[in-house]
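For reference, the structure is listed below as structure tokens.
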Amino acid sequence: MTAHLPEPTPRPVPSGELRASHDDREAVVEQLRDAAAEGRIDLDELDSRLEQALTSKTYGELAILTADLPKPPSSAAGNLPPLVLKGGMYGASRGPGRWEVPGHVIAHAGVGGVSLDFTRVECRLAEVAVEAYGETSGVTIVIPDGWATDTTGMDPGFGGIKDKTTPDRLPGTPLIRITGSGGMAGVVIRHPSKRERRKLDGNASRD
């Protein structure tokens with residue numbers, strides 16, 4: 001009998017090699033135009049960078065174009081009141097559609113659980129503080145590829161913390177700083193699943 005060798009496990013794609021969307025390119029174009037208006041780059045360099053931005057295919061190619069520019073200033077979202085989500089009996093969620101991200105989010109899972117999805121948002125804040133309390137049913141937090149998290153200030157509780165995100169953080173993306181407690185059911189932080197990625201790609205093609 002011929003032994004069947006196990007299929008090789010697919011290599012995770014580095015965040016810099018992930019494909020950029022139209023929105024990603026437009027965000028860089030806007031940042032470059034602002035930089036030119038502020039006198040940080042001249043018009044010839046602006047034209048050159050804009051051409052590269054519009055033809056860039058990956059996050060890494062876009063990141064190079066703004067690596068020597070300061071991060072865009074925090075938007076008015078930083079002055080928004082905290083977003084409070086309470087799972088209660090039936091659960092609560094925010095996303096995956098577009099929503100305005102404040103600087104502070106509080107999620108109490110309760111019995112129904114809470115889902116917090118950042119994959120379709122545009123956030124210029126340097127940092128977003130998320131208080132997550134797993135309680136009975138748990139909290140799930142989904143962040144885009146290229147975003148990073150910090151869970152060092154969180155109490156794992158009985159349910160624990162499952163951080164499935166990659167540590168690679170792209171320039172200009174926020175840090176999601178998570179505090180709170182895992183409670184009984186725990187807190188999960190992850191990037192989109194394969195099914196969610198297909199849905200996001202479909203939505204992007206219709207935008």
Side-chain angles (χ1 to χ4, degrees), residues 11-83 94-105 116-130 141-150 165-178 189-192 196-207:
R11 179 182 65 87
V13 178
S15 58
E17 295 179 14
L18 293 170
R19 293 281 175 155
S21 69
H22 293 307
D23 288 344
D24 296 323
R25 284 185 280 271
E26 284 300 319
V28 171
V29 166
E30 182 180 348
Q31 186 177 354
L32 291 172
R33 286 174 175 162
D34 289 344
E38 295 167 353
R40 300 183 191 279
I41 57 177
D42 60 33
L43 293 180
D44 288 338
E45 191 169 7
L46 172 64
D47 288 341
S48 175
R49 294 197 191 194
L50 287 178
E51 183 178 355
Q52 294 178 61
L54 294 172
T55 57
S56 292
K57 295 182 178 179
T58 66
Y59 284 142
E61 291 173 359
L62 288 175
I64 292 173
L65 300 176
T66 59
D68 60 348
L69 299 176
K71 293 180 181 179
S74 297
S75 68
N79 298 321
L80 292 174
L83 169 65
R94 182 56 58 97
R98 298 186 186 279
W99 53 282
E100 194 166 16
V101 180
H104 190 188
V105 181
L116 189 59
D117 193 326
F118 291 92
T119 52
R120 293 275 290 168
V121 304
E122 295 180 8
C123 181
R124 291 194 173 187
L125 296 171
E127 183 174 306
V128 178
V130 177
I141 302 169
V142 185
I143 64 173
D145 298 302
W147 289 27
T149 60
D150 179 356
T165 62
T166 59
D168 301 325
R169 181 183 176 191
L170 291 176
T173 61
L175 174 69
I176 307 299
R177 191 178 300 279
I178 304 174
I189 310 103
R190 61 177 177 81
H191 295 303
E196 290 166 337
R197 290 178 195 277
R198 288 195 296 269
K199 189 172 181 180
L200 284 169
D201 290 340
N203 288 336
S205 65
R206 290 193 294 271
D207 287 346

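Please read all numbers here as calculations on a predicted model, not as lab measurements. Count residues from 1 along the sequence.
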Taking salt bridge (charged side-chain N to carboxylate O under 4.0 Å, His left out) as the test, write out the residues that go with [X], two or more places apart.
X   : result
R49 : E45, D68
R25 : none
D44 : none
R33 : none

Check for a donor-acceptor pair, side chain of [X] on one end and backbone N or O of [Y] on the other, with a separation under 3.5 Å.
X    : Y    : result
R120 : R98  : no
H191 : V142 : no
R197 : P192 : yes
D34  : Q31  : no

Would you compute the distance between atom [atom1] of [X] and atom [atom2] of [Y] and round it to the nearest 0.5 angstrom?
X    : Y    : atom1 : atom2 : result
L54  : L62  : CG    : CG    : 9.5 Å
E127 : L175 : CD    : CG    : 5.0 Å
I189 : D150 : CD1   : CG    : 10.5 Å
Y59  : D168 : OH    : CG    : 13.0 Å
R169 : I176 : CZ    : CD1   : 8.5 Å
S56  : R19  : OG    : CZ    : 11.0 Å

Smallest separation among heavy atoms of [X] and [Y], with atom names:
X    : Y    : answer
L46  : L32  : CD1-O, 3.6 Å
P81  : P102 : O-CB, 3.6 Å
V121 : G97  : CG1-O, 4.3 Å

Pairing residues for T58 by the side-chain hydrogen bond (donor to acceptor under 3.5 Å, both in side chains) criterion, not counting sequence neighbours: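 side-chain hydrogen bond (donor to acceptor under 3.5 Å, both in side chains) check on T58 returns nothing, list empty.
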Quick one: list whatever passes side-chain hydrogen bond (donor to acceptor under 3.5 Å, both in side chains) with E26, sequence neighbours left out.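 With neighbours one apart ignored, the set is empty.
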4.5 Å side-chain heavy-atom contact, F118 and P174: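 The answer is no, as the side chains (C-beta and beyond) never meet within the 4.5 Å cut-off.
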Sub-4.5 Å side-chain heavy-atom contact between L83 and H104: no
Quick one about D117 and T119 (side-chain donor to acceptor, distance below 3.5 Å, no hydrogens or angles considered), yes or no?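 Short answer, yes.
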Would you sort out whether T166 and D145 count as a side-chain contact (heavy atoms from CB on, under 4.5 Å), showing the intermediate values? CA-CA 8 Å; T166 59; D145 298 302; 5.7 Å; no
